[in-house]
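We use all heavy atoms of the structure for the numbers below, so side chains are in, but hydrogens, waters and symmetry mates are not. Letters go in sequence order (proteins before strands), and every chain restarts at 1.
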Amino acid sequence: MSNASSPTGDPTDLLRAALAGSAGGFTELRYHRKRQRVLGVEQGRLDTSQSTEHTGVAVRVLEQGTWGFASTPELEVNAIRRAMDRARSAARASSAVRRTRIEALPPTGLATGRFEGPGVQESLDRGVEELLDLVLGLERSTAARSKSLVSSSCAYSEIFEEKGIVTSDGAGAWLRQVRPELRVLAVAGKDGEIQRAHRAIGVSGGWDCLFRSGPAEDLGEQAAKLAVDLLAAGYPEGGRKRVLLSPELVGLLTHEAIGHTVEADFVMAGSVAAGKLGQRVASELVTLCDSGASEYAEGACGTLSVDDEGVPTQRTTVIREGILESYLHNRESAAHFEVEPTGNARAWEFTDEPLIRMRNTYIAPGESSFDELLGGIEDGYLLEGAANGQADSNGEFMFGTQAAYRVQNGKRGKLLRGVNLSGQAFDVLSAVDGVGSEFKWDLGSGHCGKGQPAKVDAGGPWVRTEVLLGGRQ
Amino acid sequence: MSAPSTAVSDPAEVRARLLKRAQQAVEAALAAGADQAEAFTSSSEQDSVGLEKGDLQLARSQSAEALGLRVFSGARMGFGSTNQFGGDALTDLATEAVALARMAPEDPAQGLETCSALGSHGELVSADLWNEPTAGIVRRAGDLLELLRACDPRISLDSGSVGASRSSIAVASSAGAASAESDAALSYSLFGMAIDGDDVGGFDYTSDSTRKLAGFDESLALGVQRFGEGVLGNLGAGASETYRGPVLFRPEAFVELFLSPLIGAINAKAVQRGRSALASKLGESIGVDWLQLLDDPADLGLAGACAFDREGVPARPTPVVTDGRLKTFLHNAYTARVEGRQSTGHASGGTRSVPGIGCHGLCMAPGSGGTEDDLLRQLDRGLLVGRFSGSVDPVSGDFSGVAKSARWVAGGQIRRPVGETLLAGNAFELLGHLIAAGSTAERIGGSMRIPSVLVDQLSVTAG
């Protein structure tokens with residue numbers, strides 16, 4: 001895609017010019033350019049080869065005790081000022097309906113300067129030919145893995161973002177970041193039975209980081225083998241079971257079961273985490289954090305230096321050794337709880353307002369080896385391979401797994417088909433009796449949804465606990 | 001580009017402008033060396049009020065335009081999308097899309113379907129809704145909040161919205177497509193739970209979208225009432241029972257568990273690529289003999305109503321399942337070319353990606369099961385499920401997940417809310433175990449008409 005839509009140089013110059021002389025209360029301007037390249041191939045046919053780019057400026061104002069929002073795709077001062085007028089008009093028109101007025105946002109440390117993530121220039125320089133070779137080659141090699149495969153597909157997606165964030169109280173940040181991801185799907189069939197398996201990776205960074213665990217072909221090999229093996233696999237038995245969760249499932253657990261319940265907007269609406277600060281909510285083996293940095297290992301996909309309110313991100317310890325210590329905040333909720341904002345305000349595109357979202361959420365590594373964790377299960381399951389997940393207001397969560405292995409007397413048994421598992425978030429964390437020492441980010445592909453998508457990551461070590469499995473009766 | 005206006009635009013003028021832009025993009029692509037090209041462009045204006053924590057949170061005034069350009073160089077395809085239209089933006093977009101196409105491997109099925117110009121359609125727009133001022137949206141948001149506050153203090157609205165949107169689309173191609181359509185909608189959504197002391201109930205939600213101002217306030221009041229009943233009913237959830245047998249699904253849950261994988265399995269691309277469990281079932285029975293499914297783009301009561309699909313092909317009512325037999329797979333131009341047939345007019349999507357395949361407005365015929373009370377009596381003992389939170393494998397049909405807004409039924413009556421209850425089964429197998437459907441098909445989120453359905457042979461696991 002051409003660079004015609006990008007202002008030359010620092011986009012905060014344009015925003016500052018638009019803001020100059022602006023009357024009224026708090027104003028937040030965000031230049032947001034998003035370029036996405038997607039290539040998808042299935043059975044040797046290139047279904048998608050696209051480059052999309054959408055750019056504009058978001059305006060959020062605090063006027064008469066409430067928020068107004070507008071956006072414009074026009075990258076010039078007068079258009080941005082018109083959007084500011086529309087945002088103010090919207091706020092004023094709705095102000096009378098709002099019961100709890102927002103006071104002026106308390107001063108806080110705001111970011112200024114330039115922030116560039118790893119891999120940006122490498123991505124901008126990489127031609128489509130290289131991407132084509134990657135997806136065509138990976139799909140071809142995957143399809144050749146087994147005669148039992150009836151279909152295979154591969155997709156590469158890469159999001160490049162450039163932002164400028166300027167607020168009337170001092171933020172002035174220019175950010176550029178790239179997030180590539182690669183996924184492969186294998187579908188196996190036999191005697192009318194169809195099973196599928198996928199493998200996906202996604203990072204914030206360059207390709208050296210994307211392929212840090214091995215070459216792309218490994219993903220195809222793993223997906224193909226699992227899809228074929230699942231054809232002959234049975235179903236786990238449903239019920240409350242002792243389980244050993246893989247790092248990606250631990251990531252899902254931290255994100256779905258805990259992360260959403262501690263987003264401060266949800267807390268204020270009455271989530272199960274409300275009123276529990278300082279209380280024990282998990283085993284003392286559990287320390288759970290959400291960080292704007294890629295802790296322990298590079299490349300976590302939710303990494304960002306500055307959030308979309310201009311607040312520098314930080315590592316937020318949500319649960320420390322089992323005690324609930326903090327919620328996740330934007331500036332408004334931080335003011336409500338009289339704490340500092342944690343840098344969790346994020347918007348998907350220029351047409352979206354910032355919401356409280358997670359970044360990289362994880363359980364900190366413990367001291368147990370994998371063999372020690374597995375050896376401690378007399379009768380249960382080893383679960384791996386993340387599917388989707390959701391959490392409820394009452395703390396009940398569910399997430400899907402691709403595969404399960406029966407564990408008896410500390411030994412991994414035969415492969416079984418994946419199931420969904422569920423439980424009460426704090427109960428499941430309280431039941432944790434083993435935390436592994438090896439850490440892995442493993443949820444960098446796909447999106448979290450909360451009205452808007454968001455790129456996040458999650459992970460941790462292997463963790464042993466107890467959950468409810470949804471097997472067959 | 002022209003400046004977004006705060007004044008409400010004339011829908012006919014918007015359509016004409018979009019169609020002209022789409023045609024300009026096609027011309028730019030041909031000039032850049034494409035053999036064929038298709039442009040899809042959209043424009044939207046939206047005024048909305050966001051609700052959080054039982055209060056108004058943010059008011060929005062939005063306008064946006066975008067264009068997607070698909071080009072073909074022989075049997076090679078490339079695609080680009082932009083929201084920038086100044087200077088040489090369309091030429092740059094066309095140049096890059098053509099470059100992408102020239103790098104792509106050949107696929108004999110790539111290309112456009114010869115299409116008739118359908119012209120400009122404004123039938124979906126009601127003038128009063130198109131011109132609804134921001135003040136009307138704010139007033140309705142205030143009404144909604146007051147209705148909620150008057151319901152029960154235990155109800156907690158986590159988030160919601162009230163909004164009016166005006167949108168227009170146009171598609172033009174070098175194969176003859178030249179069509180434009182405008183639409184307007186008024187919508188609301190509510191998402192939250194009830195809290196009673198330490199008891200936090202499970203989420204529930206409701207939403208609706210209509211094309212007319214008349215009746216919207218009544219729909220909103222009914223939505224608030226149902227939302228309140230739903231979240232309050234989730235309080236005090238207790239244990240369920242483990243069993244294998246019948247479960248009564250309300251429409252949303254039936255869609256999630258059974259119709260979503262069905263729609264995925266009749267997508268012609270899934271069939272052609274070996275990932276449809278129904279690939280060999282065309283013309284054969286796939287469920288009970290009273291199962292009737294119709295995709296109806298002419299139903300103006302549904303949000304997906306339209307005159308043409310994403311590729312400009314006329315959209316027509318399509319019987320999908322008749323008397324339990326699968327009548328058709330759904331095609332866009334690509335899958336139709338693979339089989340040397342005509343598209344069924346089911347190309348879906350917007351400006352940001354190549355056309356996919358989807359339904360416009362799926363309608364399941366009501367059954368003879370009567371009211372929900374009648375269905376509960378027929379169930380006698382077991383689970384009533386309002387929503388489903390879990391995984392449904394669109395390839396195999398296997399599903400596993402948590403029953404939400406679930407109630408335990410005994411003696412044909414709802415006895416108590418239940419939690420930590422998991423469902424498992426296979427959607428395609430269970431279509432043959434439908435026991436009865438309710439006598440009324442409900443509008444689901446304004447986009448489908450589906451009754452409640454009693455289904456046998458579910459695996460239910462209690463926590």
If I measure from the heavy atoms of chain A, does B:Leu145 come under 4.5 Å with its side chain, its backbone, both, or neither?
side chain
Below 4.5 Å from any heavy atom of chain B, which atoms of A:Leu149 appear? Answer side chain, backbone, both or neither.
neither
Taking A:Gln390, A:Glu193, A:Met398 one by one, which has the highest count of heavy-atom pairs under 4.5 Å against chain B?
A:Met398
Heavy-atom distances under 4.5 Å only: say whether A:Gln43 touches chain B with side chain, backbone, both or neither.
side chain
Scan side-chain atoms only and decide if A:Ser157 and A:Gln36 contain a donor-acceptor pair under the 3.5 Å cut-off.
yes
Residue A:Ala70 versus chain B: region with a heavy atom under 4.5 Å:
both
Side chain, backbone, both or neither of A:Glu332 within contact of chain B (heavy atoms, under 4.5 Å)
side chain
Minimum heavy-atom distance A:Ala91-B:Ala59, with the two atoms named:
N-CB, 4.4 Å
Top contributor to chain B interface from A:Gln424, A:Glu353, A:Glu129 [non-hydrogen pairs under 4.5 Å]
A:Glu353
Do A:Ser333 and A:Asn330 get their side chains close enough for a donor-acceptor pair, meaning under 3.5 Å?
yes
Is it the case that the side chains of B:Ser81 and A:His54 hold a donor-acceptor pair, with the cut-off being a distance below 3.5 Å and no angle test?
yes
Report yes or no: do A:Ser71 and B:Gln62 form a side-chain donor-acceptor pair below 3.5 Å?
yes
CZ/B:Arg244 to OG/B:Ser459 distance, rounded to the nearest 0.5 angstrom?
4.5 Å
Please determine, by modelled atom types, if A:Arg417 and B:Ser396 share a side-chain donor-acceptor pair under 3.5 angstrom.
no
Can you tell which of B:Gly397, B:Ala104, B:Ser391 has the highest number of heavy-atom pairs within less than 4.5 Å of chain A?
B:Ser391
Non-hydrogen atoms of chain B under 4.5 Å away: do they reach the side chain of A:Asp47, the backbone, both or neither?
both
So for B:Gln457, is it side chain, backbone, both, or neither that comes closer than 4.5 Å to the heavy atoms of chain A?
neither
Measuring only between side-chain heavy atoms, which start at C-beta, is B:Arg140 closer than 4.5 Å to B:Leu144?
no
A:Arg240, A:Glu396, A:Arg99: which one forms the most heavy-atom pairs within less than 4.5 Å of chain B?
A:Arg99
Between B:Gly202, B:Pro105, B:Ala101, B:Ser156, which shows the greatest number of heavy-atom pairs under 4.5 Å with chain A?
B:Gly202
Out of A:Ser49, A:Ala274, A:Ser151, return the one with the most heavy atom pairs under 4.5 angstrom to chain B.
A:Ser49
Side chains of B:Ser159 and B:Glu52: any donor to acceptor distance under 3.5 Å?
no
Between CG on residue A:Asp352 and CZ on residue A:Arg60, distance to nearest 0.5 Å:
12.0 Å
Evaluation steps, salt bridge (Lys or Arg N to Asp or Glu O under 4.0 Å), between A:Asp392 and B:Lys404
CA-CA 9 Å; A:Asp392 206 334; B:Lys404 294 291 184 183; 2.9 Å; yes
So which of B:Asp393, B:Leu69, B:Thr95, B:Ile137 has the largest heavy-atom pair count under 4.5 angstrom toward chain A?
B:Asp393
Measure distances from B:Gln57 to the heavy atoms of chain A and classify the residue's part below 4.5 Å as side chain, backbone, both or neither.
both
With a 4.5 angstrom heavy-atom cut-off, is it the side chain or the backbone of B:Glu106 that approaches chain A, or both, or neither?
neither
Should A:Glu53 and A:Arg33 be marked as a salt bridge (Lys or Arg N to Asp or Glu O under 4.0 Å) after you check the CA-CA gap, both sets of side-chain angles, and the distance that decides it?
CA-CA 7 Å; A:Glu53 184 163 324; A:Arg33 171 188 174 206; 3.1 Å; yes
Toward chain A, the part of B:Asp158 with a non-hydrogen atom under 4.5 Å:
both
If I measure from the heavy atoms of chain A, does B:Val338 come under 4.5 Å with its side chain, its backbone, both, or neither?
side chain
Who among A:Gly68, A:Gly400, A:Ser422, A:Gly270 has the most heavy-atom pairs with chain B under 4.5 Å?
A:Gly270
Interface check, chain B: of A:Leu185, A:Asp85, A:Leu132, most non-hydrogen pairs under 4.5 Å belong to A:Leu132
Can you tell which part of B:Ser353 gets under 4.5 Å to a heavy atom of chain A, answering side chain, backbone, both or neither?
both
Examine whether an atom of B:Arg102 lies under 4.5 Å from a heavy atom of chain A, and if so say whether it belongs to the side chain, the backbone or both; otherwise answer neither.
neither
Of B:Met103, B:Met193, B:Arg352, B:Arg275, the largest count of non-hydrogen pairs under 4.5 angstrom with chain A goes to B:Arg352
Heavy atoms, side chains only, cut-off 4.5 Å: are B:Glu146 and B:Leu148 in contact?
no
Salt bridge (Lys or Arg N to Asp or Glu O under 4.0 Å) assessment of A:Glu42 paired with B:Arg273
CA-CA 8 Å; A:Glu42 183 176 28; B:Arg273 300 290 174 82; 2.8 Å; yes
Considering only heavy atoms, which portion of A:Ser271 lies under 4.5 Å from any heavy atom of chain B: side chain, backbone, both, or neither?
backbone
So for B:Ala99, is it side chain, backbone, both, or neither that comes closer than 4.5 Å to the heavy atoms of chain A?
neither
Chain A contact via B:Tyr334 - which portion, at a heavy-atom distance below 4.5 Å
side chain
What part of B:Ala135 gets closer than 4.5 Å to chain A, counting heavy atoms only: side chain, backbone, both or neither?
neither
Heavy-atom contact with chain B under 4.5 Å, split by part of A:Leu46:
both
Measuring heavy-atom distances to chain B, does A:Ala186 have an atom under 4.5 Å in its side chain, in its backbone, in both, or in neither?
neither
Pairwise distance CZ(A:Arg88) to CG(A:Leu62) - rounded to 0.5 angstrom
11.0 Å
Any idea which of B:Leu51, B:Thr421, B:Val402 has the most non-hydrogen atom pairs under 4.5 angstrom with chain A?
B:Val402
With rounding to the nearest 0.5 angstrom, report the OG to CZ distance, A:Ser393 to B:Phe203.
4.5 Å
Roughly how far, to the nearest 0.5 Å, is the CZ atom of B:Phe79 from the CG atom of B:Leu100?
10.5 Å
What are the two closest non-hydrogen atoms of A:Thr66 and A:Ser94, and how far apart are they?
CG2-OG, 4.0 Å
Using a cut-off of under 4.5 Å for heavy-atom pairs, which of B:Val395, B:Val49, B:Leu58, B:Asp88 has the most such pairs with chain A?
B:Leu58
